[in-house]
Amino acid sequence: MLDILEQVGINNYIYLSTLLFCVGVLGILYRRSTIVMLMSVELMLAAANLLLAVFSVYHQDVSGQVFVIFAMAVAAAEVAVGLAILVSIYRNIGSIDIDKLKNLKG
Amino acid sequence: MITIIFYILATITLGTGILTVLAKNPIHSAVYMVVCFFSIAGHFLMLNAQFLSVVHIIVYTGAIMILLLFTLMLMNLSDQHEPKKKVASRIAAAVSVCLTAIVILAVFLKANVVIESYKAENIDFQSVQVIGQVLLDEYMVPFEFASILLITAMIGAVLISKREKKA
Amino acid sequence: MNIAIILIILLVGAILTYLSGNRWAPKVAMLFAIITAIFSIALLLEYHNTGTSFSVQWINNPSVMFSLKADGLSLIMVLLTSVLLPIILLTAVSHTVPYEKLLYSLILFMAFAMTGVFLSSDALLYYVFWELSLIPIYFIVVLWGNGSMSKRRRSALTFFIYTFAGSLFMLGAIIYLYTKTGSFQLYDLYNANLSDTEQLWIFLAFFFAYAIKIPIFPFHTWQANVYQKAPLVGTLLLGALMSKMALYSALRWQLPIAPHAAHSMQTVVLTLSIIGVIYGSIVALKQDNLKRFFAYASLAHVGFIAAGIYALTLDGLQGAVLLMVAHGFGIVGLFFGSEVIYRRFNTPLISQMGGIKGQAPKFTIAFFLMIMASITIPLSFNFVGELTIMYGLYQVSIWYTILIGTSMFLGAFFMLHMYQLVMLGEVRKKPFADLTVNEGIVFILLTAVLLFFGLYSKPIVDLASPSLQEILMYVNR
Amino acid sequence: METGLVLLLLIFPLVGFLINLSVGKKIGRSLPGIIATAAVTGSFAISLFYFIQILSTGQAIEVHLFQWVAFGEFSVNLAFVLDQLSLLWLLVVTGIGTLIHIYSIGYMHDDENVDRFFSYLNLFIFFMIVLVTANNLLVMFIGWEGVGLCSYLLIGFWYKNQQFNDAAKKAFIMNRIGDLGFLTGVFTLAYLFKTVDFATLKLALSTTTTPETSALLGVAAFCLFIGAMGKSAQIPLYTWLPDAMAGPTPVSALIHAATMVTAGIFMITRLNFLFDLTPDIQYFIAIIGAVTALFAASIGIVQTDIKKVLAYSTVSQLGLMFLALGLGAYQIAVFHVITHAFFKACLFLGSGSVIHAMGGEQDMRKMGGLKGVMSITYITFLVSTLSISGIPPFAGFFSKDEIMLVAFQNSPILWVVAMLASLLTAFYMFRVLYLTFFKEFRGTSEQKKHLHESPSSMTMPLIVLGVLATVGGLISLPFGYSWLNNYLSPIFSGSDVVEAHGFSTEQMVFMGVSTLIALIGMSLAYYKYMTKSTVPEEDEKITGFAKVLYNKYYIDEIYNTIFIKPIYAMSNFFNSIVESIITGVVFGFALIAKGLSAPAKALQNGSVGFYLSFFVVAFCLLIICLFLV
């Protein structure tokens, strides 16, 4: 299946990941539930990963895939810490509504 | 044939992605996300990146997904009705997203990816073996750092979510 | 011997002091202070007119060198710092405070930064040290100061932002000079070939930074508040060393880089300095808080030094250097005197003091000597400095000498006024214990220094003279 | 050897000072006085040794120690010179100093801080020696300021009384105003000639005189004279001296009559070569001197505090000396300094003896009739009064007469003023004498019981000084038989015309007139206070011009209004208004920054959602800028 890019075209992959990325952005801007926002971040990450892998194939260079692995490691860490923070926020103010987190007000 | 599979997969990816974002119940979101990630794993497979595909399933659907679900259930959020944002901010969100999409696509179009020059050379560059070698040879140090990062994240997560003793 | 070693000792000292824990911190700090003093004296013994330097590349692009240079002038300032440091520590050791390890470590760190300022011959390095010295003093004032936390935080923050804002002008000037010359090195900046307009702006930019820190009228308003709120060591570091840092910088950086502007702005800056002298003397009369009083007295004295520097004559510069050292020691004595009283009477208010002479003869002698030095009685070091400055000013104009000379009697007026209220009069009921051994040592050391150089200032003059002549050569080119 | 001995001259009092300062409290009441006296006596002995030496050799001795102050173009050594002038002054200073030290042993015996007193006295002697032996102007300035400092310490010796402290402070500050003048003068000379050595200056002045330098020389001379005004209490800087009487009486005798206040005269005499070149300034000095003499004498006639009278008398006599200086008759001024030192020290010590007997009372209205109880004090006081009034053959007559003569030769107006001053002098001195020693005792009965002649340690110096006040005139007899003029001639660069020997009728007439004037003053006093037995009225009852005189022409009040109050007002103004304005400006910048930040602050509304939208839009814009434009 090495010639997949010849058949599908790298353009389509780019469109796909861009759209997926934008779906993630939409989730972040549209939702108030922090946990869903976190999921959206994961979507964005996945979109980026996908594109990395595609370009890795395109350039026939394994580095891109290695970076996907690293990105996954980072994503895992991020989710773990992010969820921990969410838990602690929930415990403190009883909600994870993003619009209620206004302590940053200057 | 492959093109058709790609389109199907792409539809699933985008569709479940949008459902993830829009589903009212967070649990549903999580489930849609799993489906989405499976489809991405499928993409990886089509690209002949088996290792990535497997890792992706393990990490996202195995680990992250479980974490999310646990948290959701822990907080008992599923039955909580999430209030909608104000109309203005929803419109602003939609506009921003469109803008982002247009901008990024425009960037790619302007960058002018030259698909014709692509030639499959029959070299094995992405089998598990090769990845393993590269990962533990060329990227040895970052790899180790990734493990440190994970440990730190774990400790951090434990520390942060630990209930503070009321003094 | 490598001159960087003094910086290293101080930095290591600061770290070890912090690590040694609250109990041992004063002793460790004192040990390192004495080692520094010994090393700087060793540096002095090694010194042969040319000066020693040390230089390694620090940042490649832009080209910043970690370059240090010790000529006579810097050496005097380093010696002043390193000799005053043990004395300043000695004023503090008998008085326990919370978090001692942090306090002593900050003091050493501050000495480190100031020594860096005195030694560095790279403009950016100099700027880094300059700003670095601001950090410890801020914390010293906030954490160990007098009065309510919110008030002293406010004073300290005012001071921090004010001086920092001034320094930013200087940073701008330094960067501009870099774009002109492509180097931060001292001598490259000296030879920058600037037009008169450029010089004027650079002179002013430097002046803002220095005028605030020295301080020169009307940039002095932070001073009294901070001196009053700061703990003794903070006041001493500020008054004895930090103001000297700015005065030294004016000599080292401002004048030779912008010589034409120095000449064209001379009238303005001299007038401001002299106004500071008279203004400080007069305002001091009305102060009821002893530390505020000395703050204004100090304003008058540093104005005197600044006038010497901006006289742009060899005598003016020489006198300024002499008076810098003299004032460094003198002000320690004065503020320590006020602290000694404060520890016993538990009040900083002059109106609640009096009659100490009858209770504490030794302290009276010590305090009186310090006051005499500060009103420049001949045979005191201050006198030699002020005399030389006044003669330097005379070469500019007799009127400057007469105007600044009014401080001879105005200074005597407010100082003796204070002395009379604080020390003389009927003995109060409140007991006043005489000096302890530690306090006595501080005063004896200070008196010895002030008297020795008052009689024999030749070593300092000989040490400073070549550097000053070089600076003057650049100023008058 | 030479250096060592000269140094010893300085070191004796310094050691005395240090011993008394450090261990004075532990060695008892009497030892401090003995140590101090021994120290001064040592200095006196050395001075005497050199004096005798210079009488035979005529060679001045110079001692250079080390470089003290370095200027760019020249440096100043710590150097001393023992020439005719300084040795003469040394003898007066250490000689009278010794006597007054001895006197103080008795006078201060009961004081709790006697050790401190003697240490200050020794310190004063030290600085005075520095002053008179200085080889250059700056070393002289050490002594000049040093004696001022000691004067401050001693006036405020009884530190528990804040009025005394005020007086001390006033003395110091007024001196300092003069000192500024002194320094400015020194700078002018240094600027012109790149030296402050007396010898070099003299040489330089004699060779180079262009019009520009002579203008500056005038400035220098004027500034130096301001210094002399401060130290020697001349108009307008004289008001500190009467107040300085707050100090213990020996201090008044030593510092404020015999030695320190003559420093101005010494300085001008030392710099005679400079003042000779500036006739305008000389004339100015003469006028100031004459006016001060009359002015102070007129105040003196109504004062009731015995020491105040003597203080104004001192100011008046100093005025006469400046008159002589201004007329170029330096040796006459020196002569009067010496005789004045004798009789004025004697008068002060005598008054001290009286005050001692009266238990601290200084008001003459409460004295009287002491003649019987205190005979030695009375006799010495009488002798000195005769001397100061200028009655022959006492010492004061000779010196005063010479001043009058010179004044008449130069300017009759000045002569008239000086004559008036000396008439008043005779009047108020005899007034003091009559009020104090004659008639009935007017004090309380307790005081009367307490009355006694002072101990021998106090009377002995009185006797010595009384003798000196009698025979002191011998050192400079008129009609050209003056030993002093010959002795001092090396100092005065030969510019003075050597007097012809022999009698002149003019001079004889003059002596007659002077004596007559003195006798008139004396008789007036006798008429008023003996024949009519007037006692000065209570403070409130004094009216008319006498009230103006009694309140010293309200000069203190005027100074207070013109100088002191404005300074305090300025201090208030600066402290409360200017400071807040400047602070306000500084904080104004902060407020402007705060105002500017208000719109920006609205963006920081704390809503993370809002931040995110903003972030996304900004990111898009950034991308557009970077890649799409």
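By convention in this document, chain letters (A, B, ...) are assigned in the order of the sequence lines, proteins followed by strands, and residues within each chain are numbered from 1.
Looking at A:Y13, both its backbone and its side chain come within 4.5 Å of chain B, counting heavy atoms on both sides. No part of B:A63 comes within reach of chain A, as not one of its non-hydrogen atoms sits under 4.5 angstrom from that chain. Heavy-atom distances place the side chain of A:L51, and not its backbone, under 4.5 Å from chain B. Contacts of B:Y60 with chain A are made by side-chain atoms alone, with heavy-atom separations under 4.5 Å and no backbone atom involved. In this structure, the portions of A:N12 lying under 4.5 Å from any heavy atom of chain B include both its backbone and its side chain. B:Y139 touches chain A through backbone and side chain together, each having a heavy atom under 4.5 Å away. With a 4.5 angstrom heavy-atom cutoff, A:L86 touches chain B via backbone and side-chain atoms both. For chain B, no part of A:E78 is nearby; none of its heavy atoms comes within less than 4.5 Å. For B:V55, the parts lying near chain A are the backbone and the side chain together; criterion is any non-hydrogen pair under 4.5 Å.
The candidate from B:T20, B:L68, B:T152 with the greatest count of non-hydrogen atom pairs under 4.5 Å with chain A is B:L68. Ranked by heavy-atom pairs under 4.5 Å with chain A, the first of B:L52, B:L149, B:L67 is B:L52. Counting heavy-atom pairs under 4.5 Å between each of B:V158, B:L22, B:I5, B:V59 and chain A puts B:L22 at the top. Residue with the most contacts toward chain B among A:V79, A:V74, A:V81, A:L83: A:L83 (heavy-atom pairs, distance under 4.5 Å). Here A:L26 is the residue among A:L26, A:V87, A:V25, A:L38 with the most heavy-atom pairs under 4.5 Å with chain B. Options B:T3, B:V134, B:T13, B:I64 differ in how many heavy-atom pairs under 4.5 Å they form with chain A, and the most are formed by B:I64. Interface remark: of the candidates B:I131, B:I40, B:T100, B:I131 forms the most heavy-atom pairs closer than 4.5 Å to chain A.
No side-chain donor-acceptor contact under 3.5 Å links B:R90 to the backbone of A:Y30.
The neighbour count for B:I148 CD1, taken as heavy atoms of other residues, nucleotides or ligands under 6.0 Å away, is above 12.
Contact annotation: the side chain of A:M39 never approaches that of B:V21 to less than 4.5 Å [non-hydrogen atoms, C-beta and beyond]. You'll find the side chain of B:P142 stays beyond 4.5 Å of the side chain of A:V66, heavy atoms only.
Contact record, A:A73 with B:L150: O-CD2, 3.5 Å, taken as the closest heavy-atom pair. Of all the heavy atoms in B:A101 and A:T18, the pair that sits closest is O-CG2, 4.3 Å. In plain terms, the two heavy atoms of B:S161 and A:R91 that are nearest each other are O-NH1, 2.6 Å. The minimum heavy-atom distance between B:K24 and A:R31, with the atom names listed, is O-NH2, 3.7 Å. Considering every non-hydrogen atom in both A:Y15 and B:L105, the closest pair reads CD2-CD2, 3.4 Å. Nearest heavy-atom pair, A:A77 versus B:A153, reported as atom, atom and distance to 0.1 Å: CB-CB, 3.4 Å.
Side-chain contact of B:T71 with A:Y90: a donor-acceptor pair under 3.5 Å is absent, judged by distance alone.
The distance from atom CG of A:L19 to atom CG of B:L14, rounded to the nearest 0.5 Å, is 5.5 Å. The line from CD of A:E42 to CE of B:M33 is 6.0 Å long, rounded to the nearest 0.5 Å. For the atom pair B:S29 OG and A:L43 CG, the distance stands at 9.5 Å (nearest 0.5 Å).
Using cut-offs of 30° and 60° on the angle between ring planes, the pair B:F143 and A:F70 is tilted.
With sequence neighbours left out, B:S127 forms a side chain to side chain contact (heavy atoms under 4.5 Å, CB included) with B:D124, B:Q129, B:V130. For B:L69, the side chain to side chain contact (heavy atoms under 4.5 Å, CB included) partners two or more places apart in sequence, or in a different chain, are B:I27, B:A30, B:M65, B:L72.
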Check the pair A:N11, B:F108 against side-chain contact (heavy atoms from CB on, under 4.5 Å), reporting the backbone distance first and the verdict last.
CA-CA 9 Å; A:N11 281 355; B:F108 278 117; over 6 Å; no
